[in-house]
> 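Structure in structure tokens, see below.
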Amino acid sequence: MSLLFRGRQQASSHKVSVMQRFFMFFADHFRQGINSLGELYRMPFASLMTIGVLGFSITLPSTLYIMVENTEQVTEQWQQASEISLFLRSDVNDTQAQQLIGRLSSWNEINSVKFVSSQQGLEEFQRLSGLGEALDYLDENPFPPVVLVIPTSKHASPKAAADLLDKLRKEREVDIGKLDIEWLERLYGLLSIAKELVYLLSTLLFFAVVLIIGNTIRLNILSKRDEILVMKLVGATDAFIQRPFLYTGFWFGLLGGLMAWVTVTCILIWIGWSLDAFMQQYQIQLDITGLNIQALVFMLLLSVFLGLLGSFLSVQKHVDEIEPK
Amino acid sequence: MIKFEEVSKTYPGGQQALSKVDFHVEQGEMAFLTGHSGAGKSTLLKLISLMERPNVGRVLINGHDLGKVKRKQVAYIRRDIGMIFQSHQLLMGKSVFDNVALPLIIEGHTRKTIFKRVDAALEMVGLRDKTKSLPITLSGGEQQRVGIARAVVNRPPLLLADEPTGNLDPKLSMEIIRLFEDFNSAGVSVFIATHDLGLIARMKYRTLTLKGGRMITDGLSQQGGWS
Ligand SMILES: Nc1ncnc2c1ncn2[C@@H]1O[C@H](COP(=O)(O)OP(=O)(O)OP(=O)(O)O)[C@@H](O)[C@H]1O
Ligand SMILES: [Mg+2]
């Protein structure tokens, strides 16, 4: 609508149907979006650098985050399989031990029971410690018979397992009962600190990304100064002038996000290989859960958001500053 | 159409460019603004197109006080004024077509309208065969005419020109002025700032003369003259 001349014919007062207007809106945006992409293509080196900064800045926290998540999952597995070791009194002989095992097997909190006689304990220690024959010189076998109790999954949580342990300790033959989950709790503490660090690091990196995109867009704006002046002279609004730069920010974000996705996937595959070998020694089943579609979408959204935010802040400030004089 | 009420403009450096300028150009009128270099002609036009704001006094267009126009509205005001600049102000990296189409694209016209109007505007200034050329490949006079086509393409009710014949030969200058006369006879108010006294002398239009920022004459060109 004309501000100065009432009734002056302008684009908005022409007879264009709503449908047509709607279609034009999308066609315009599509064309401008493609134009901005073409602009990036015309300066491949500068564009790649910016996309690279964005990509790597998202790769690092994403990878760390996935590692922490996976570690957490693995330790959950371990905790589920928590084992209770019952060290029997040294005067308990094998028959008595078998009787105990018989009784325990009928408990419904218990999944399975395994007996390690003092002789077996000694042999195993000999094998693992490498002390070998040195132990033959001992007068007496110092290893007590041990019963390993695996609770059912329902009773495997730290609290339920602790209750079960109390109950087992009351058995006559049991000397010491141990449920070793302290180290797990410590690991959990460490993991939560690691998580906080990942969040902190991400925040800092994302902040840096916004600044870098903002600065790149600022340079773009300054290099188009003359063009912007002319557009303002013939009546372009700030919003109209800002739009292509916002699209540039969008493309930076999208391409940076895709790049981060590719790098993270590569890193995970590579880590997967070295982990496989390691885990096989410990017979731990670990499938690194990498990037599913959800994570990919989240990463892209985040990246596009950062790109848009950087360019938004930049255009708000710098397009304003260019005024024809 | 254009009304100045006791307008003074002092630039930030302390340079007084206009002092107490007072005049009124009627709707549908065609008028010239002249004066020595540095007299304040460009400054006066910049006050109309909101590139500068006056320190004292009021500028009105069609009865609307420009002092009340907010920053956000400036763009819309400029769409109502066709402006031709002393330095052509073309997009050097874009074709003649894109340059002339710019005001229409900004206003959001359909492609069909854009093609039709750009074609008509280029036809008017005699540059239809240069549609795809880049402005750098054109002569000064041709660039000036691209600027004119761009100024009239969205059919503004008011046309401002700052030295539109600046680097044109007398024959071409006359042609450009004839073009303005055509717009004027179609109802457009035209206000032209120029050094070219010979050109003004050949026509009987109202001429406003500035000297050192003051309006010294306001009348027909025969009585005019600032030397
Ligand atoms: N942006 C500015 N800052 C400070 N002083 C300025 C500015 N623009 C113009 N001036 C001064 O204001 C006075 C009027 O300038 P203006 O450009 O209006 O003159 P003019 O009549 O258009 O001259 P010319 O015929 O050479 O184009 C001059 O003395 C000039 O130095
Ligand atoms: Mg001037």
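In what follows, chains are A, B, ... by sequence order, proteins preceding strands, each numbered from 1.
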> Checking the side chain of B:Arg78 only, and the main-chain atoms of A:Lys232 only, is there a donor and an acceptor separated by less than 3.5 Å?
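Yes, B:Arg78 side chain to A:Lys232 backbone: donor-acceptor pair under 3.5 Å.
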> So which of B:Leu50, B:Val69, B:Ile81, B:Leu102 has the biggest tally of heavy-atom pairs under 4.5 Å with chain A?
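Ranked by heavy-atom pairs under 4.5 Å with chain A, first place is B:Leu102.
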> Here's a test for you: under side-chain contact (heavy atoms from CB on, under 4.5 Å), which of B:Thr34, B:Thr43, B:Val21 qualifies with B:Leu210?
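Between B:Leu210 and the candidates, side-chain contact (heavy atoms from CB on, under 4.5 Å) is satisfied uniquely by B:Val21.
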> Is any side-chain heavy atom of A:Phe305 closer than 4.5 Å to a side-chain heavy atom of A:Leu300?
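They are not in contact (no side-chain heavy atoms under 4.5 Å apart), so the answer is no.
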> Quick check: does any side chain N or O of A:Ser36 sit under 3.5 Å from a backbone N or O of A:Pro244, one acting as donor and the other as acceptor?
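Confirmed, A:Ser36 side chain pairs with A:Pro244 backbone.
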> Chain B heavy atoms under 4.5 Å from A:Glu323: which part of the residue, side chain, backbone, both or neither?
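For A:Glu323, the contact with chain B is made by the side chain alone.
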> Is it the side chain or the backbone of A:Phe5 that comes within 4.5 Å of chain B heavy atoms, both, or neither?
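A:Phe5 touches chain B through backbone and side-chain heavy atoms alike.
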> Below 4.5 Å, heavy-atom pairs only: which of B:Lys94, B:Arg150, B:Lys72 has the largest tally toward chain A?
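Highest number of heavy-atom pairs under 4.5 Å: B:Arg150.
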> With a 4.5 Å cut-off on heavy-atom pairs, point out which of A:Thr237, A:Asp226, A:Val230, A:Leu229 contacts chain B the most.
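That would be A:Val230.
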> Can you say whether B:Arg71 sits under 4.5 Å from chain A via the side chain, the backbone, both, or neither, judging by heavy atoms?
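Contact with chain A involves the side chain of B:Arg71 alone.
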> Could you tell me which portion of B:Leu90 (side chain, backbone, both or neither) has an atom closer than 4.5 angstrom to a non-hydrogen atom of chain A?
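For B:Leu90, backbone heavy atoms alone lie under 4.5 Å from chain A.
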> Tell me whether the guanidinium CZ or amine NZ of A:Lys195 lies under 6.0 angstrom from the six-membered ring centre of A:Tyr199 and within 45° of its axis.
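Not satisfied by the 6.0 Å and 45° rule.
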> Find the one option among B:Glu52, B:Met51, B:Gln73 whose heavy-atom pairs under 4.5 Å with chain A are most numerous.
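Option with the top pair count is B:Met51.
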> Would a distance-only check, ignoring hydrogens and angles, find a side-chain to backbone donor-acceptor pair under 3.5 Å from B:Asn55 to B:Thr10?
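Checked: pair present.
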